[in-house]
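One structure is given below, encoded as structure tokens.
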Amino acid sequence: MALRFIGIDPDTGQQGSPTVWVDEEKRELVLQGWKPDEELEAECAAFEAPGHAPGIPPNEAVIRIPASMVQMLREACDVAERAGL
């Protein structure tokens with residue numbers, strides 16, 4: 001796997017580590033975030049996007065990423081785009 005580290009949330013100190021990587025082999029952004037509480041997960045599962053069934057498939061997860069990481073997400077998108085991913 002060719003993971004390229006982008007960054008860790010600067011506001012978490014030693015107590016957490018929402019993190020962003022780019023997987024150049026699989027052509028994916030890889031995110032580590034906080035688990036949602038039951039209420040948020042239920043709200044996401046109930047959301048109906050046109051053309052998609054509601055719910056969260058068993059092989060997917062909802063994660064929370066702090067807004068302080070927006071710049072890291074932009075950087076990850078830029079890295080993926082420049083690499084032609």
Side-chain angles (χ1 to χ4, degrees):
M1 186 179 323
L3 276 183
R4 179 173 175 172
F5 171 76
I6 302 298
I8 293 176
D9 176 23
D11 296 332
T12 60
Q14 300 297 317
Q15 299 304 313
S17 55
T19 307
V20 178
W21 298 269
V22 173
D23 184 329
E24 295 176 346
E25 262 181 41
K26 291 186 178 177
R27 302 169 53 109
E28 299 171 338
L29 300 182
V30 178
L31 306 174
Q32 175 182 329
W34 299 308
K35 293 180 181 181
D37 60 25
E38 289 180 16
E39 183 179 339
L40 177 59
E41 190 161 9
E43 184 176 349
C44 292
F47 183 79
E48 292 189 43
H52 292 272
I56 302 167
N59 63 327
E60 295 182 9
V62 172
I63 62 167
R64 296 170 41 241
I65 298 291
S68 61
M69 295 181 71
V70 167
Q71 184 56 40
M72 287 176 217
L73 293 170
R74 283 190 186 117
E75 181 181 343
C77 290
D78 290 344
V79 164
E81 187 173 55
R82 281 192 303 269
L85 308 181

Flag the pair [X] / [Y] as yes when at least one side-chain heavy-atom distance between them is below 4.5 Å, and no otherwise.
X	Y	result
Pro54	Phe47	no
Cys44	Glu41	no
Pro10	Met72	yes
Cys77	Leu29	yes
Val30	Leu3	yes
Leu31	Leu73	yes
Val20	Met69	yes

What are the two closest non-hydrogen atoms of [X] and [Y], and how far apart are they?
X	Y	value
Phe5	Trp21	CA-CD1, 3.6 Å
Ile63	Ile65	CD1-CD1, 3.9 Å
Pro36	Val62	CD-O, 3.1 Å

Qualifying residues under salt bridge (Lys or Arg N to Asp or Glu O under 4.0 Å), relative to Arg4, sequence neighbours excluded: Glu24
Spacing of NE2 belonging to His52 relative to CD belonging to Glu48, to within rounding of 0.5 Å: 12.0 Å
Pairs meeting criterion side-chain hydrogen bond (donor to acceptor under 3.5 Å, both in side chains) with involvement of residues 67-78, two or more places apart: Asp9-Ser68, Asp11-Ser68
Expected output: side-chain Gln32 to main-chain Ser17 donor-acceptor under 3.5 Å: yes
